[in-house]
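See structure below.
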Protein chains: 2
Amino acid sequence: MSRPTMPDTRVLIVDDHPFMRRGLAQTIKDQPGLSVCGEAGSVTEALQIIESSRPQLAVVDISLGEESGLELIKAIRQKWPDVKVLVSSMHDEMLFAERALRAGALGYVNKGEPPNVFIAALQRVNSGQIYLSDRMTNRMLDHVLTDKGEQIRSPIETLSNRELEVFEMIGKGLATKQIAAKLGLSPKTIETYREHIKQKLNLANSTELTRSAVQWVLEQGRNTSPADGET
Amino acid sequence: MSRPTMPDTRVLIVDDHPFMRRGLAQTIKDQPGLSVCGEAGSVTEALQIIESSRPQLAVVDISLGEESGLELIKAIRQKWPDVKVLVSSMHDEMLFAERALRAGALGYVNKGEPPNVFIAALQRVNSGQIYLSDRMTNRMLDHVLTDKGEQIRSPIETLSNRELEVFEMIGKGLATKQIAAKLGLSPKTIETYREHIKQKLNLANSTELTRSAVQWVLEQGRNTSPADGET
DNA sequence: CGGCCCCTTCAGGGATTCCCCGATGCGGGC
DNA sequence: GCCCGCATCGGGGAATCCCTGAAGGGGCCG
């Protein structure tokens, strides 16, 4: 074919970590046929760039600081259904992969994966197919087939998006009022979420809720080895 | 001026995320006077590279998948005390900055910071000074007043026996009333202890108190199970 | 398409806790 | 003797916790 310029597939990168953006961008640029048309560190920034530069692909981090990548994905799905979204997160895929797909993403890849895996995921999503890790794919199929594979789930997985969001903030030491302010909701609503979380996780009181949340947050960033005590 | 070749300061990057490594490396390379002498994704890999290429600086992520960056820092401190370590983590500095310095790092910078902040931190550490964010510096100075140069003493040691007892029970998930019952005291007394503990540990509210207590109990080593049979 | 269930959001109201204040007694230093 | 820290309680208003209810919306299922 005599096209002088076969246009690259244009990719938007959404991540709140500048270094991660840069690393992703570099890897994408190295790939023939792909180019980076923009970088965003927040939801509003991302929406603006999509508006102006209309990428075919978007690589979206789940946790955008205060904001949630899931919300961004839903917004994209609604306004620009043709923009294909690949979620790249460093969080547990068991918890977020399904939520990501439900929100409208086409794929979920862990940031710990080597670049070739990431690129493969990106190209698969670009072709309109769903990408998940083998383990996650099997797990999802199990859910469908066994109809109630819910029992083997961690109780934390039964939390809704909002509930999980609140749970994480509790674990980071935020009080009810602070969470309400940060999410722009009534403290009463946060109280309700706390109740729901306690029910789902079978926690007796507020102290246990906080304890559980703190523990979970610490495990998310697995680092504290107990070999700390000298003397 | 007169020196024909001013050799670059050589930096090792230790991070389990390939894209983050790449982003960090690129930013460092852009900086005149700095060069990247190696990248590692695990503790053993990092130690090997240090052995072979002897960097002056090491940028270390706290959470290296299963491993702990803190262990790596301790090992570096022991074998190559002249290698200066800057910790770069995406987790809450309130939780990990102090531990990082105790382990032997010279600085802690959040990955969410823009590149210029990161570079400033790196150069400050390179000059042998400690780098922390302003907020964290104030926080540390607030409750740490010891002879400089030696290890920092945990403010938890300033708790009285009763206070420590209560602190531990809080960390195990007990509510105020439960603690009062267990110790045969008035709930009002427990409230007072909670107040005292918050003052001594410089904690703002009840949530932070619980968070701090839970963290401490987890670090103490998990022999005394909190008696929550979650089946 | 009419239920049905879950999610999200909020309110009411009593019980409880939080948080700042003060108070008592008791021991130890100086 | 005096001061200071520790252990122990109380008052009281503000905040929360905890339980209950409820309204709107979306998805699923027969």
Side-chain angles (χ1 to χ4, degrees), chain A residues 67-68 70-71 73-75 77-78 81 95-96 98-104 143-144 147-148 150 153 155-170 173-213, chain B residues 155-171 173-213:
Chain A
E67 306 172 313
S68 167
L70 293 179
E71 293 309 309
I73 296 169
K74 289 178 190 166
R77 202 89 202 120
Q78 200 164 22
L95 282 180
F96 292 106
E98 192 170 337
R99 294 169 209 273
L101 296 198
R102 280 194 203 285
H143 277 191
V144 177
D147 173 62
K148 280 273 180 192
E150 320 271 326
R153 288 181 155 204
I156 291 180
E157 294 181 44
T158 68
L159 297 182
S160 72
N161 291 338
R162 254 323 194 211
E163 287 159 0
L164 189 60
E165 214 169 344
V166 170
F167 188 64
E168 189 170 354
M169 291 191 190
I170 295 172
L174 297 184
T176 298
K177 194 164 54 172
Q178 295 174 312
I179 298 175
K182 194 160 271 189
L183 295 180
L185 296 174
S186 159
K188 275 299 189 182
T189 307
I190 308 303
E191 284 185 26
T192 303
Y193 286 137
R194 291 177 61 108
E195 285 306 307
H196 290 169
I197 296 169
K198 286 196 294 183
Q199 279 175 21
K200 288 186 176 179
L201 303 190
N202 198 29
L203 303 169
N205 52 43
S206 171
T207 319
E208 282 197 356
L209 171 59
T210 307
R211 182 174 69 87
S212 178
Chain B
I156 291 178
E157 294 174 26
T158 69
L159 296 183
S160 73
N161 291 336
R162 256 323 195 206
E163 287 158 0
L164 188 61
E165 211 170 346
V166 170
F167 188 64
E168 190 170 353
M169 292 190 189
I170 295 171
L174 296 184
T176 299
K177 194 163 56 171
Q178 295 175 310
I179 298 175
K182 188 161 276 188
L183 295 179
L185 297 174
S186 159
K188 272 301 189 180
T189 307
I190 309 303
E191 283 186 26
T192 303
Y193 286 137
R194 291 178 62 109
E195 285 307 307
H196 289 169
I197 296 169
K198 284 196 295 184
Q199 279 175 21
K200 289 186 176 179
L201 303 190
N202 198 29
L203 303 168
N205 53 42
S206 171
T207 319
E208 282 197 356
L209 170 60
T210 307
R211 181 170 68 91
S212 177

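Scope of the values below: all heavy atoms of this structure, side chains included, with no hydrogens, waters or symmetry mates. This one's a predicted model, so the numbers in the text were calculated from it and none came from an experiment. Sequence lines set the chain letters: A, B, ... in the order given, protein chains first and strands last, and positions in each chain run from 1.
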Determine yes or no for a side-chain-to-main-chain donor-acceptor pair under 3.5 angstrom, with B:E163 supplying the side chain and B:L159 the backbone.
-> no
Indicate the atoms forming the closest heavy-atom contact of A:S186 with A:A180, along with that distance.
-> C-CB, 3.9 Å
Distance-minimising heavy-atom pair for A:S160 and A:R99 | C-NH1, 3.5 Å
Partner set under salt bridge (Lys or Arg N to Asp or Glu O under 4.0 Å) for B:K177, not counting sequence neighbours | none
Can you tell me the distance, in whole Å, between the NZ atom of B:K200 and the C1' atom of D:dG5?
-> 8 Å
Taking only Lys NZ, Arg NE, NH1 and NH2, and the carboxylate oxygens of Asp or Glu, determine whether B:R162 and B:E165 approach each other closer than 4.0 Å.
-> yes
What string of B, S and - do you get for nucleotides 7-18 of chain D, 5' to 3', if B is base contact, S is sugar-phosphate-only contact and - is no contact with any protein heavy atom under 4.0 Å?
-> SBBSBB---SBB
Partner of B:I190 by side-chain contact (heavy atoms from CB on, under 4.5 Å), out of B:L183, B:L174, B:I170 | B:L183
Which pair of non-hydrogen atoms, one from B:L203 and one from B:S212, has the smallest distance, and what is that distance?
-> CD1-CB, 3.9 Å
Could you list the protein-to-nucleotides 24-29 of chain C atom pairs, N/O on both sides, closer than 3.5 Å?
none

Whole Å only: how far is the CZ atom of A:R77 from the C1' atom of D:dG26?
-> 17 Å
Nearest heavy-atom pair of B:A175 and A:N205: which atoms, and what distance?
-> CB-ND2, 4.1 Å
